[in-house]
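Okay, so here's the structure we're looking at.
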Amino acid sequence: MYTETTHDAAHGEHHDHGPAKGLMRWVTTTNHKDIGTLYLWLAFIMLLYGGSMAMIIRLELFQPGLQWVEPHFFNQMTTMHGLVMVFGAIMPAFVGLANWLVPIMIGAPDMALPRMNNWSFWILPFAFTMLASTTFMEGGAPAFGWTFYAPLSTTFAPDTTDFFIFAVHLMGISSVMGAINIIATILNMRAPGMTLMKMPLFVWTWLITAYLLIAVMPVLAGAVTMMLTDRHFGTSFFDAAGGGDPVMFQHVFWFFGHPEVYIMILPAFGVISAIIPTFARKPLFGYSSMVYATASIAILSFMVWAHHMFTVGMPVAGELYFMYATILISVPTGVKVFNWVTTMWKGSMTFETPMLWALGFIVMFTIGGFSGLMLGVAPVDTQYHDTYFVVAHFHYVLVTGALYSIIAAFYYWVPKWTGHMYDEKLGKIHFWWSTIAVNVLFFPQHFVGLAGMPRRIPDYSLQFAEFNAISSIGGFAFGLAQVFFLYIVIKTIRGGEKATAQVWEGATGLEFEQLPSPPPYHSFTEAPPVR
Amino acid sequence: MSSTSNQDYYVPHGTHWPIIGSVGLSLTVVGAANFLHGTWSATPIFVGIAILIFMMYGWFGTVVKESLAGTYNAQVDMSFRWGMGWFIFSEVMFFAAFFGALFYARMYSVPWLDGASNNDATAQYLWPDFEAAWPLLTLPLADKFEVAKATMSAWGLPFINTVILLTSGLTVTLAHWALKRRDNVWLVYWLFATVALGFGFVILQGIEYAHAYQDLNLRLDSGIYGSTFFMLTGFHGFHVTMGATMLLIIMIRAAKGHFSPENHFAFEAVAWYWHFVDVVWLGLFIFVYWL
Ligand code: HEM
Ligand SMILES: [Cu+2]
């Protein structure tokens with residue numbers, strides 16, 4: 001059972017192994033394309049799972065008063081929704097894209113450490129099964145928010161919290177191994193001539209993202225480990241009675257948490273930087289400034305974490321420092337938006353589905369960036385903190401930002417992956433349906449937030465009723481649009497117009513110039529020439 | 001980038017070890033959670049760990065076999081090096097979380113509990129008798145905890161342990177030099193010395209823990225001093241145990257003649273790891289024991 005089929009490279013003869021047969025192909029695979037596909041499907045399943053919890057949230061908030069669920073169950077829904085979307089949908093989706101794309105973008109035969117690549121993925125189904133199973137246990141799922149602040153998550157949390165803690169440990173192990181693999185691949189597996197400054201930006205952004213992952217996932221592991229010992233072994237890290245401090249939890253968490261939000265957006269920047277030039281038929285404006293902007297965002301992201309803690313009580317000097325540092329990040333972020341817009345300037349643009357999603361990204365991510373700027377101003381954050389304004393902010397950057405880029409990436413590269421064009425008409429319907437719905441869903445949340453509606457509550461004061469009803473309608477429509485997306489995905493995999501090798505008229509890069517659509521199971525067994 | 005042909009880069013086809021590892025890992029943690037809740041015995045934890053050990057034995061065994069068969073070219077070797085280097089960086093960040101907790105407690109939370117930085121009223125109303133100090137022996141609410149009687153002195157066992165670990169850093173380097181001049185005999189001797197020093201460290205650490213618990217009443221649940229002390233030294237001790245075990249395996253492999261000056265990544269990886277636990281210990285010695 002444990003014999004491994006090995007690729008005997010020693011005698012130099014070329015084998016073109018296809019995939020193994022049967023279900024075990026997916027369990028034992030070391031192929032970056034298979035593993036990329038697994039990650040992407042896991043992410044989609046998690047998106048629908050997390051989305052169904054969002055539907056419950058919006059259902060309850062459709063009207064003031066308690067209609068459908070108990071407050072405690074409502075809290076479980078908001079918590080699990082956040083955890084599943086962050087760790088289950090967005091992060092695995094980007095790792096899936098990295099698996100599929102990094103090797104074929106840099107001319108590598110596969111990922112650097114293919115066996116470990118398999119393990120990075122196959123830990124995740126176990127971790128999420130553990131996490132999801134808490135919903136059905138006594139005490140229920142975690143209900144302390146996706147940020148799991150102590151002492152809610154230590155002194156006052158049910159036994160099931162320990163399953164959550166270990167699930168986070170497993171996700172951390174998976175992420176760190178995945179990130180190590182991506183870095184090793186990018187640094188060591190580039191085709192001759194693919195210098196660092198010739199790499200596609202998606203590869204650059206992932207290189208930096210992987211660095212962020214390795215730097216902060218272990219800190220998260222440390223945070224949950226301290227939670228575990230506080231809960232069971234009498235330590236007092238987060239307990240003032242023993243000399244510790246619950247606020248320390250927030251510092252440790254956000255030291256992970258803020259870089260984490262950039263982990264979820266930097267690869268998105270890479271995707272957009274690939275799509276915009278293709279459909280503007282112009283090379284990306286300011287390539288090197290994009291690289292430097294990405295790097296400076298990554299460095300700065302370690303130094304701003306306490307902007308999530310303006311209201312917990314910090315010395316004034318701390319408030320000021322974190323305010324200015326936070327606002328400083330918008331400079332490199334602005335550089336990026338400027339470069340995308342300038343790339344389109346006087347381009348001969350067409351608006352195929354991937355371009356629509358990318359444009360949607362630029363417009364709406366920027367809205368999220370602006371609300372972020374407002375939140376970054378310490379004195380006014382005292383008003384906005386823990387209101388729906390924050391909810392609106394991070395959904396603009398994460399849904400119309402990160403998720404939009406993932407969907408854009410799907411439409412852009414799926415013809416390459418499957419050899420089939422998606423249905424352009426359906427893709428466009430998907431875009432407009434989602435974009436109208438998502439704004440109906442999240443834009444009103446700015447207003448209720450500014451007016452003072454707190455986040456993470458199942459009931460609210462009457463004056464917020466109209467905007468919440470509108471928001472819920474947008475929510476159901478957006479949810480339904482993603483079920484429609486599932487249909488488009490399956491339809492595209494099963495068939496469709498044949499894609500050419502280049503797929504898009506203006507597409508550049510090794511994956512479009514050097515490989516057929518779909519690429520062979522093992523691509524670049526010979527390193528491609530790099531211009 | 002050693003060659004234009006990617007065919008020399010070894011890409012394995014299919015492996016069962018990861019899924020076995022996932023099962024072992026999950027069983028271990030699910031077992032641990034249930035053990036903590038008193039619903040299961042400790043057996044599932046040990047079964048899980050056994051599966052993990054089996055997985056590592058099989059996985060690394062395969063890799064060793066492939067390495068000896070000459071399957072890996074220089075580029076594969078480089079991938080392993082990047083992998084190990086970044087893995088050690090992740091470990092550094094794991095320890096950073098606990099060092100962060102230590103510094104935060106020493107610089108902020110303990111003084112604040114005694115009224116520093118605008119917190120006078122809190123301190124006066126909640127625990128007027130509490131006085132900030134480090135190492136912290138009196139606690140804001142002492143009756144909730146096992147209060148430690150005394151602090152751990154740096155200049156007894158901890159100092160000896162420092163000398164031991166620094167010496168072991170030297171012996172592992174001497175082993176490397178022996179390896180580079182193809183002196184397999186001294187390679188094994190120096191590795192043996194390193195392994196012995198490593199396990200010696202762990203034993204002394206055990207004696208120190210017994211002293212802490214029995215004589216000083218310094219325990220994991222003695223407030224923030226005990227918490228940071230045992231978490232930092234405990235995770236470090238665990239890493240030393242792992243490192244010494246890996247060194248032992250490397251020693252056995254060296255005795256079998258697995259390494260040559262051209263091809264000994266496994267040796268170097270473990271040596272890097274050993275230097276890493278060494279450096280962490282220096283941080284511990286300075287900030288946990290000494291200052
Ligand atoms: C211009 C850049 C940005 C700035 C200045 C900024 C600023 C902020 C601030 C100050 C908060 C805390 C608000 C509060 O709790 O009172 C916040 C929350 C948040 N931001 Fe941003 N942000 C930016 C971009 C992003 C991006 C790109 C993402 C993710 C892709 C993101 C995700 C989040 C999330 C998830 C939260 C809420 C965390 C929680 O409390 O649950 N932000 N942002
Ligand atoms: Cu932040």
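The shown structure was predicted, so the numbers you read here are calculated from the model rather than taken from an experiment. First the proteins, then the strands, lettered A, B, ... as listed; each starts at 1.
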Is there a donor in the side chain of [X] and an acceptor in the side chain of [Y], or the other way round, less than 3.5 Å apart?
X         : Y         : answer
Asn34(B)  : Thr39(B)  : yes
Ser236(A) : Lys144(B) : no
Asp245(A) : Ser109(B) : no

Among [options], who wins on heavy-atom pairs under 4.5 Å with chain B?
options                                    : result
Pro109(A), Ala179(A), Ser174(A)            : Pro109(A)
Pro125(A), Gly244(A), Ala108(A), Ala167(A) : Gly244(A)
Ala215(A), Pro114(A), Ala184(A)            : Ala215(A)
Ala240(A), Ala221(A), Pro315(A)            : Ala240(A)
Val27(A), Leu228(A), Val216(A), Ile214(A)  : Ile214(A)
Phe255(A), Phe237(A), Phe249(A), Phe524(A) : Phe237(A)

I'd like to know which of [options] tops the heavy-atom pair count under 4.5 Å against chain A.
options                                  : result
Ser90(B), Ala97(B), Ala132(B), Gly100(B) : Ser90(B)
Met78(B), His37(B), Glu91(B)             : His37(B)
Leu36(B), Ile19(B), Val30(B)             : Leu36(B)
Ser227(B), Ala69(B), Gly223(B)           : Ser227(B)
Tyr225(B), Phe80(B), Trp82(B)            : Trp82(B)

Report which part of [X] has an atom under 4.5 Å of a heavy atom belonging to chain A: side chain, backbone, both, or neither.
X         : result
Thr138(B) : neither
Ala96(B)  : neither
Leu113(B) : side chain
Met55(B)  : side chain

Checklist line | Aromatic ring proximity, centroids under 6.0 angstrom, Phe233(A) and Phe230(B) | finding: no
Sort [X] into side chain, backbone, both or neither according to what part of it lies under 4.5 angstrom from a heavy atom of chain B.
X         : result
Thr225(A) : both
Ile183(A) : side chain
Asn31(A)  : neither
Met130(A) : side chain
Ile173(A) : side chain
Met226(A) : both
Val176(A) : side chain

Notebook entry, point to check: In this structure, which one of Phe238(B), Phe235(B), Phe87(B), Phe276(B) forms a ring pair (Phe, Tyr, Trp, His ring centres under 6.0 Å) with Phe94(B)?
Noted result: Phe235(B)
Check: Any chance OH of Tyr108(B) has more than 12 other-residue heavy atoms, nucleotides or ligands included, within less than 6.0 Å?
Finding: no
Notebook entry, point to check: Around Phe265(B), counting heavy atoms of other residues, nucleotides and ligands shown, do more than 12 lie under 6.0 Å from its CZ?
Noted result: yes
Do the rings of [X] and [Y] sit parallel, tilted or perpendicular, given the 30° and 60° boundaries?
X         : Y         : answer
His251(A) : Tyr104(B) : tilted
Phe103(B) : Phe287(B) : perpendicular
Phe95(B)  : His236(B) : perpendicular
Tyr211(A) : Phe89(B)  : parallel

Margin query: side-chain contact (heavy atoms from CB on, under 4.5 Å), that's the test. Do Met189(A) and Gln75(B) meet it? Break it down for me.
Written below: CA-CA 8 Å; Met189(A) 305 285 285; Gln75(B) 197 184 1; 4.0 Å; yes
Checklist line | Passing candidate, side chain to side chain contact (heavy atoms under 4.5 Å, CB included) with Tyr72(B), options Asp77(B), Val63(B), Asn263(B) | finding: Val63(B)
